[in-house]
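We count residues from 1, following the sequence as given. Order of appearance sets the numbers: ligands from 1, and atoms from 1 within every ligand.
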Amino acid sequence: MSNEEAALWIKDPLAILAEDAARGIIVKAGRIVELVPAGRSPQAADAQVFEAGAHVVLPGLINTHHHFYQTLTRAVPEALNRELFPWLEALYPIWARLTPEVLDLGITVAMAELLLSGCTTTTDHHYVFPAGLENSVDIEVAAAKRLGLRVLLTRGSMNLSRRDGGLPPGSVVQDEDTILADSERVVRRYHENGEAAMVQIALAPCSPFSVTTSLMKSTAVLAERLRVRLHTHLAETEDENRYCQDVHRCRPLDYLENCGWLTDRVWLAHGIHFDDAEIERLARAGTTVSHCPCSNQALASGTCPVCAMEQAGVRVGIGVDGSASNDSSNLMQEVRAAFLLQRSRYGVTAVSHRDALRWATKGSAACVGRTDIGEIAVGKLADIALFKVDELRFSGSGDPLAALVLCGAHRADRVMVGGRWVVENGEIPQLDLSALIQRHSAAAHKLQRLR
Ligand SMILES: [Zn+2]
């Protein structure tokens, strides 16, 4: 819809993930203003019509964890078949060679993949800042604006190199003062407060084994002062547990709390290795968790106890994680992966396709700290994803909503962000995908020194 003031009726969908909206929804000025129940006509009589009879309509999916630059290092030969720590050690030297132009290609590929998979809001955790890449967040903001994707970008950081007992080499870390100054710069420059924000910034030291305690603490203080969210990796592997015991003489969650991070400002990536008492502490604090099922399976990190967390009151969202460990940025496929993994852990009756869709929408909205997205309801932003079920993989399916998850939907036909179509007929307008693939592939191979 080009004119955002005119009302648009997404009419008579094949199926829709919303209560009392069998005849569709009315979108106006970037928001959902009316749900049209079965047997009724909309109150907005003059609305333009989009015939949705072939579409399953979902709230736009929200991606709560990613590292966009990693689309440049998918299936890297040296990193294959390695667990997290040696996997990282194989990749850090490659990431140290990133340049602004190459990073822009990596970001654009990640965002395009996300959009085409039905994602309307994404986070990104960018934490490698080799010399020359100081403006990484600026490059990300520009790409998000170009593509029309809603974002919560994090200013990530690492300041604990191998020399000081950390994991990364010195070439990809910065010092604490530089990190804090740039964190404040990007928040003041780009962070939009309040409802309907298109660009928000959070702060995100990388992990206990790549960041000093001092930086963890000072980042929490800065986030409090600037009123922005906080993000980090936690409880991802047994290696990390051992590292925390050896270095900090406590478990990762204790360490987090000691750093002033056990709050409702924080969402954590992975959250696999928490015991019951720790899950209770997360729930009490209002800390949320991003479940990344593909990455966790690929690196054999373990399985996030999603149902136990939800039962305790912890809100859980879905993240694709970096494209070097997934190695895909397809959020709809991540929903299916979460459905399968959690069902295998908790049983058939405990996990339905609707649960998995809820994690990737309402649950993810809690992770990014927003109440204006994640749901098709009156007053929410018009962020929606429309899928067709006419591909071979869906042939003969009964329940269209269940079919998206069970048959493996992977490409949205249409995606709307804030009332604006950003994907139409399975394509992103003004983005030449084949040219992008060609340039991105060439840049990635050069970066990996493969060609
Ligand atoms: Zn990650």
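Ionic pairing of R82 and E89 is not present here: no N-O contact between side-chain nitrogen and carboxylate oxygen is shorter than 4.0 angstrom. R31 has a carboxylate O that lies under 4.0 Å from a charged side-chain N of E195, or vice versa, which qualifies the two as a salt bridge.
Aromatic ring pairs are classed by plane angle as parallel below 30°, tilted from 30° to 60° and perpendicular above 60°; the pair Y69 and H126 is perpendicular. A tilted orientation is assigned to the rings of H231 and H233, their planes being inclined by 30° to 60°.
Only protein atoms were considered; those of element N, O or S under 2.8 Å from the Zn ion (ligand 1) number 4.
Annotation: cation-pi pair R155/Y190 absent, no NZ/CZ under 6.0 Å from the ring centroid and within 45° of its normal.
With sequence neighbours excluded, the residues forming a salt bridge (charged side-chain N to carboxylate O under 4.0 Å, His left out) with D254 are R281, listed by chain and number.
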